[in-house]
Amino acid sequence: MAPPPPEFELDSSLGDDLARVAQQLSAAGHVVALTGAGLSVESGIPPFRGPGGLWTKYGEPPMDGYRRFLEDPAAAWRERLSPRAEWALALRDTLAAAEPNAGHRALAEFERIGLLGCVITQNIDDLHAQAGSSNLLEIHGNHRLLRCLECVRRFEPDAIAIDPDDLPPRCPDCGGPVKGDTVQFGEPIPPDVLRRCYAEVERSDCMLVIGTSATVYPAADFPMEVLRRGGCVIEINPTDTDFTASATESLRGPAGALLSRLLDLSKSEAGAAA
Ligand code: APR
């Protein structure tokens, strides 16, 4: 298990910003959270970019993973079953050891008390699901699950027998080739998830943008769409991002500590209102 993050010193000005954001959240009609790798840093999973990022350390992987899967799915499966790329091994090991942190738990609690309508995550780490988020859209897939390329049905890993001499495995429903649910570079976002993401974004008048560099599309367009429609967008990130200048509010600090504080404030606000 990852070591607990160092205690985050909350400076006074942030206290006022947090109080204002808590009011915005309770005044909003439909709040959606868009999360990225930064939310899982406190669970021991490195981000992709910036200091300590996987791509910073190992270089960006080839952008044609999906094309290579389509050309030779058996070879892609052999790579999946015993990865050779250093970044893939590093990611696999940290995913296996990771557990939800205070940030994941706070978002699940925000949903439970009715202040958050949906979580759209770019993370494949399954930690939102483990923390109890229910209206959860995993736009880049889930590393644990498998997916049929033809009927787009998803499967728990033990629901499909993997025979290393007969790859790729086939969908028990339609016979189509099955791959990992993780969306590879060059792969279109599965239409069922993308449709639901846009439906949530269109309903949203307030979006939390947490732990993302907001550089990968289509997810990076979601906060812009909320702003275009007159909604507010609150960024939570220890550093500035490409999106900061557009954000309605930008809170500096680690997601775990800030979301926990925001939840406490929102609960006392709701309590005061009750
Ligand atoms: N709390 C909040 N944010 C944090 C924390 C933290 N404790 N630590 C780092 N961050 C921020 C960084 O400052 C950075 O802005 O998280 C962000 C992580 O950005 P990226 O590494 O670019 O991750 P993400 O935005 O999720 O990447 C999008 O790119 O490589 C693809 O498919 C991959 O889903 C991924 C997509």
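Start at 1 and go down the list; that is how both ligands and their atoms are numbered.
Of all the atoms in ligand 1, the ones that sit under 4.0 Å from a non-hydrogen atom of Pro47 are 21 (O). Atoms of ligand 1 lying under 4.0 Å from any heavy atom of Trp55, numbered from 1 in the order shown and given with element: 30 (O). Atoms of ligand 1 found under 4.0 Å from any heavy atom of Thr239 (numbered from 1 in listed order, with element): 13 (O).
Proximity annotation for atom 16 (O) of ligand 1: of Gly253, Pro51, Gly38, Gly38 comes nearest, heavy atoms only. Remark: among candidates Glu42, Gln122, Arg49, the nearest residue to atom 20 (P) of ligand 1 is Arg49, based on non-hydrogen atoms.
Closest protein heavy atom to atom 4 (C) of ligand 1: Pro238 CD, 3.3 Å. Of the protein's non-hydrogen atoms, the one nearest atom 23 (O) of ligand 1 is Ala37 CB, 3.5 Å. Among all protein heavy atoms, the one lying closest to atom 18 (C) of ligand 1 is Gly211 O, 3.7 Å. Of the protein's non-hydrogen atoms, the one nearest atom 36 (C) of ligand 1 is Val216 CG2, 3.7 Å. For atom 34 (O) of ligand 1, the closest non-hydrogen atom on the protein side is His140 ND1, 2.9 Å. Protein heavy atom closest to atom 19 (O) of ligand 1, with residue, atom name and distance, is Ser213 N, 3.4 Å.
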Worksheet item: For Glu269 and Ser26, what are the C-alpha separation, side-chain angles and deciding distance, and is it a side-chain hydrogen bond (donor to acceptor under 3.5 Å, both in side chains)?
Response: CA-CA 8 Å; Glu269 175 129 341; Ser26 47; 3.2 Å; yes
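Counting heavy-atom neighbours within 6.0 Å of Arg84 CZ, excluding the residue itself, gives a total of 12 or less. Residue Arg170 places its CZ atom among more than 12 non-hydrogen atoms of other residues, nucleotides or ligands, all under 6.0 Å distant. Around CD of Glu60, the count of heavy atoms belonging to other residues, nucleotides or ligands within 6.0 Å exceeds 12.
Looking at ligand 1, you'll find an N or O of Ala255 within less than 3.5 Å of one of its N or O atoms. No N or O atom of Gly36 sits closer than 3.5 Å to an N or O atom of ligand 1. Distances between N or O atoms of Thr212 and those of ligand 1 include at least one value under 3.5 Å. Polar contact with ligand 1: absent for Thr241 (N/O pair, distance under 3.5 Å). Some N or O of Phe48 is nearer than 3.5 Å to an N or O of ligand 1, by distance alone.
The aromatic rings of Tyr198 and Phe222 sit perpendicular, their planes meeting at an angle over 60°, well past the 30° parallel limit.
Distance check, rounded to the nearest 0.5 Å: CG of Leu263 to CG of Leu18 gives 11.5 Å. From Ser250, atom OG reaches atom CD1 of Ile236 across 9.0 Å, with rounding to the nearest 0.5 Å. To the nearest 0.5 angstrom, Arg20 atom CZ is 4.0 Å from Glu249 atom CD.
Using a non-hydrogen distance threshold of 4.0 Å, Asn237 registers as a contact of ligand 1. The closest approach between a heavy atom of Gly53 and any atom of ligand 1 is not below 4.0 Å.
Of the N and O atoms on the side chains of Thr35 and Thr121, at least one donor lies less than 3.5 Å from an acceptor on the other residue. With no hydrogens or angles considered, a side-chain donor-acceptor pair links Asn135 and Glu200 at under 3.5 Å.
Of all heavy-atom pairs spanning Asp126 and Glu138, the tightest one is CA-OE2, 4.2 Å.
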